[in-house]
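A quick write-up on the structure given underneath.
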Amino acid sequence: MKIYEGRDIRNVGVVGHGDSGKTSLTAGLLYTAGATNRLTRVDEGNTITDFDEEEIQRKITISTALAYAEWKKSKINILDTPGYNIFINDTRAALAAAEASLVVVDAVAGVEVQTEKVWSFSDEFKLPRALVINKLDRERSSFERTLESIRSIFGRTAVPVQLPWGAERNFKGVIDLVGMKAYSYTPDGDGKGKETDIPADMADEAQAAHEVLVELVAEGNDALLEEFFEKGTLPVEHILDGMKSAVRELRLFPVLCASAQHNIGTDQILNFIVDHLPAPTDRGTVTGTHNGKEVARKIADSEHVSAFVFKTTADPFAGRITFFKVYSGVLKNDANLQNVQRSTAERLSHIASPVGKTLTAVTELHAGDIGAVAKLRDTLTGDTLADKAALIEYPSVKLADPSIAFAIEAKSRADEDRMGNAIHRILEEDQSLRFYRDPQTKEFLLGGSGQQHVEIVVSRLKKRYGVDVALKAPKIPYRETIRGKADVQGRHKKQTGGHGQFGDCWIRMEPLPRGAKFEFANEIFGGSIPKNYIPAVEKGIIEAAANGFLAGFPMVDFRVVLYDGSYHDVDSSELSFKLAARKAFKNAMQEAKPTLLEPIMNVEIQAPVEYAGDLMGDLNGRRGRVAGMDTKGHTQIIRAKVPMAEMLNYYNDLTSMTQGRATFFMEFDHYDFVPPHQAEKIISAAKAAKTGEEEEED
Ligand SMILES: Nc1nc2c(ncn2[C@@H]2O[C@H](COP(=O)(O)OP(=O)(O)OP(=O)(O)O)[C@@H](O)[C@H]2O)c(=O)[nH]1
Ligand SMILES: [Mg+2]
């Protein structure tokens, strides 16, 4: 393929709420630019960017995919990102490689929760952006209503640069408000509009919209503003120039029109991307660190090579594929680079420009371009690859932590043996997953952003690696503690022929604050217990505490003081003192008011404001305590502390309460007392389980 210089490259993230038509729009852009020889469709499972088996089956984008379109002597790298809340982490990670975003809005639904989310990601990366009102062919779609919802949330600097020509079934093209021309399209055609004059019945409307646009373009630029007031309008070249800088300075967010389904408007969008969105080189420099100091690197071919890895995929056949953005220098095929974070050398053989799952080989990639390479050994997402002569480390994007975890159980011994390895490969690909073993419950836990996220891992384990596992709700890691004090003796004495066993200790036990775990103090003076047996007493207490008292949960947050005892010259041993300590522990628990502790989660919910009342009521029923509320646009944010035991099915409940329009995140916060009546149930359930186990063992 042709080699492009940075100034002729555009890296565009196509972002938006789930189902708004990002993948379909990408398909339209690729077809119009001649990158595919027909219009591919999500519903037919043949798009370039939703190529993964799970994506085809579920008809949703799970992970960002890339393809490039060549248009007007430029290379447009399109990042087709996920829109569903549980995969939105991946969208954020992908935007690290973009200079601009195209925010797709469904013309029926208007701005939705994830539209606001991707807007805030674009803010975070300071990306110039345009909005595409898509699905204008659909029944009950409305350009005006959608524009209204856009402007009410993102402000009046979101302004149309096009108007739709026709509506719903009769949507046939767009009116360009800069050049003041109309473009009509053949539905499902080649995406190339036929230029005509603006139809007479739309002339007034177009003129009014033109003036609004021109005024906004002039607003931030004194010279233009003066010219505008003098002449009442601006020449096309000046509008174009003014718009270009207004878009780059985030003063203007142009709104375009499309039907991705029927490939209407796509050539105008490609023109817009090339003409108005910035090239990577326009950004000037990028900042990284070297030896702990901040350094700036020019985005230019003349610099030493450096590249940032923003994505990794793990294909069971092709192996690992690394996606990177060349920030500086010219990356030649077969280059030897240093992985800066891991201090290892990597050879980049067969560098390529990705088109979905296909890798188009290239001889070199210039500063600002995006590329892919297979079979790197140590490199993972977030790493920097750089010329040894000029090392630099770019900051990686920190992803949100998982909001939900399931216990994962291998179906057979063979599955168990292979499970860990396979999961680790999947984790390389998706850094928003977590896999770990709960030290207390001994369960393997898989954390993700939602149930479907974790289910996809299960499905991939089976299809890609032949590993069969089942998901279960995780066990709650309850703990035990005490609320009162005790002062007791523990005595162990056994006489069985030969020499016997004798240990005797006096302890005080008292509660400690939450999180203090365990303290042991020795206050024996005068040798009532010889020094060498004292560690055995401590060990005995620790061992007994690990198995709890009430329901077998580990006991925490208490202090034991050993202050007296007695021993026997012949019969005493470490074992006897350990056993004496265990007895002392049991005796102490009778007095010290043992009680259960449960994990309390920090929960943050984001939902459209109209659900706030229902959500608060529901949290109440889950023993939740609301800690704060906030509104952002149409989104209500609720922060609460809720017992983990009440949150096991929250993902499903929240989805049905809000028709899937809410997201939530939770993390462990602290342990707190279980209310008595809940505690009774937990204790009797634990006892029942224990008897069950013992019977099985018999
Ligand atoms: N009528 C109509 N349907 C469309 C249009 N664009 C997309 N669709 C349909 O909307 C559905 C979702 O389209 P996608 O392209 O998968 O949407 P997406 O934004 O990529 O979805 P996610 O990646 O899952 O967030 C599909 O059934 C498309 O056929 C459009 O312009 N008009
Ligand atoms: Mg998609």
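When a ligand or atom number is given, it counts from 1 through the structure's own listing order. When reading the values below, keep in mind they use all heavy atoms of this one structure, side chains included, and skip hydrogens, waters and symmetry mates.
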(request) Under 4.0 Å from a heavy atom of Ile60: give me the atoms of ligand 1 that qualify, with their elements. (result) 24 (O)

(request) Would you mind checking which non-hydrogen protein atom is closest to atom 17 (O) of ligand 1, with the distance to 0.1 Å? (result) Gly21 N, 3.1 Å

(message) Would you say Asn263 and Thr266 are linked by a side-chain donor-acceptor pair, where the criterion is simply a distance under 3.5 Å?
(response) yes

(request) Return a yes/no value for Gln261: is any of its N or O atoms, backbone included, closer than 3.5 angstrom to an N or O of ligand 1? (result) yes

(message) Taking the ring of Tyr650 and the ring of Phe664, is the distance between their centroids below 6.0 Å?
(response) yes

(request) Quick one: look at Lys135 and ligand 1, take heavy-atom pairs under 4.0 Å, and tell me if it's side chain, backbone, both or neither. (result) both

(request) Under 4.0 Å from a heavy atom of Asn134: give me the atoms of ligand 1 that qualify, with their elements. (result) 5 (C), 6 (N), 31 (O)

(message) Distance check below 2.8 Å: does Thr61 bring an N, O or S atom to the Mg ion (ligand 2)?
(response) yes

(message) Determine whether the aromatic ring centres of residues Tyr394 and Tyr327 are separated by less than 6.0 angstrom.
(response) yes

(message) Heavy-atom distances under 4.0 Å decide this one: backbone, side chain, both or neither, for Asp43 against ligand 1?
(response) side chain

(request) Determine whether the aromatic ring centres of Trp165 and Phe171 lie less than 6.0 Å apart. (result) no

(message) Please tell me whether Gln261 and Asp137 have a donor and an acceptor in their side chains that are separated by less than 3.5 angstrom.
(response) no

(request) Can you see which heavy atom on Ile175 is nearest to which on Pro199, and at what distance? (result) CD1-CD, 4.0 Å

(request) Looking only at non-hydrogen atoms, find the nearest pair between Pro280 and Gly6 and report the distance. (result) CD-O, 3.4 Å

(request) Return the minimal non-hydrogen interatomic distance between Arg92 and Lys398, and the atom names on each side. (result) NH1-O, 2.7 Å

(request) Measure the distance from atom 23 (O) of ligand 1 to every protein heavy atom, then report the residue, atom name and distance (to 0.1 Å) of the closest one. (result) Thr61 OG1, 2.7 Å

(message) Give me the nearest non-hydrogen protein atom to atom 12 (C) of ligand 1 as residue plus atom name, then the distance to 0.1 Å.
(response) Asp19 OD1, 3.1 Å

(request) Report yes or no: do Asn271 and Trp71 form a side-chain donor-acceptor pair below 3.5 Å? (result) yes

(request) Return a yes/no value for Ala260: is any of its N or O atoms, backbone included, closer than 3.5 angstrom to an N or O of ligand 1? (result) yes

(request) State whether a side-chain donor-acceptor pair under 3.5 Å links Asp80 with Thr23. (result) yes

(request) Please identify which atoms of ligand 1 are closer than 4.0 Å to at least one heavy atom of Asp137. (result) 1 (N), 2 (C), 30 (C), 31 (O), 32 (N)

(message) I'd like to know: is the Mg ion (ligand 2) within the 2.8 Å range of an N/O/S atom from Thr23, strictly under that distance?
(response) yes

(message) Could you tell me if Lys135 and Ser24 have a donor-acceptor pair between their side chains, going purely by distance under 3.5 Å?
(response) no

(request) Flag Gly83 as yes when one of its N or O atoms lies below 3.5 Å from any N or O atom of ligand 1, and as no otherwise. (result) yes

(request) Please work out which of Lys22, Arg58, Glu139 has its closest non-hydrogen atom nearest to atom 19 (O) of ligand 1. (result) Lys22

(request) Name the option, out of Gly18, Ser20, Ser63, Ser24, that contains the heavy atom nearest to atom 28 (C) of ligand 1. (result) Ser24

(message) Only heavy atoms of Val42, strictly under 4.0 Å: list the atoms of ligand 1 that pass.
(response) 14 (P), 15 (O), 16 (O)

(message) Only heavy atoms of Thr23, strictly under 4.0 Å: list the atoms of ligand 1 that pass.
(response) 15 (O), 18 (P), 20 (O), 23 (O)

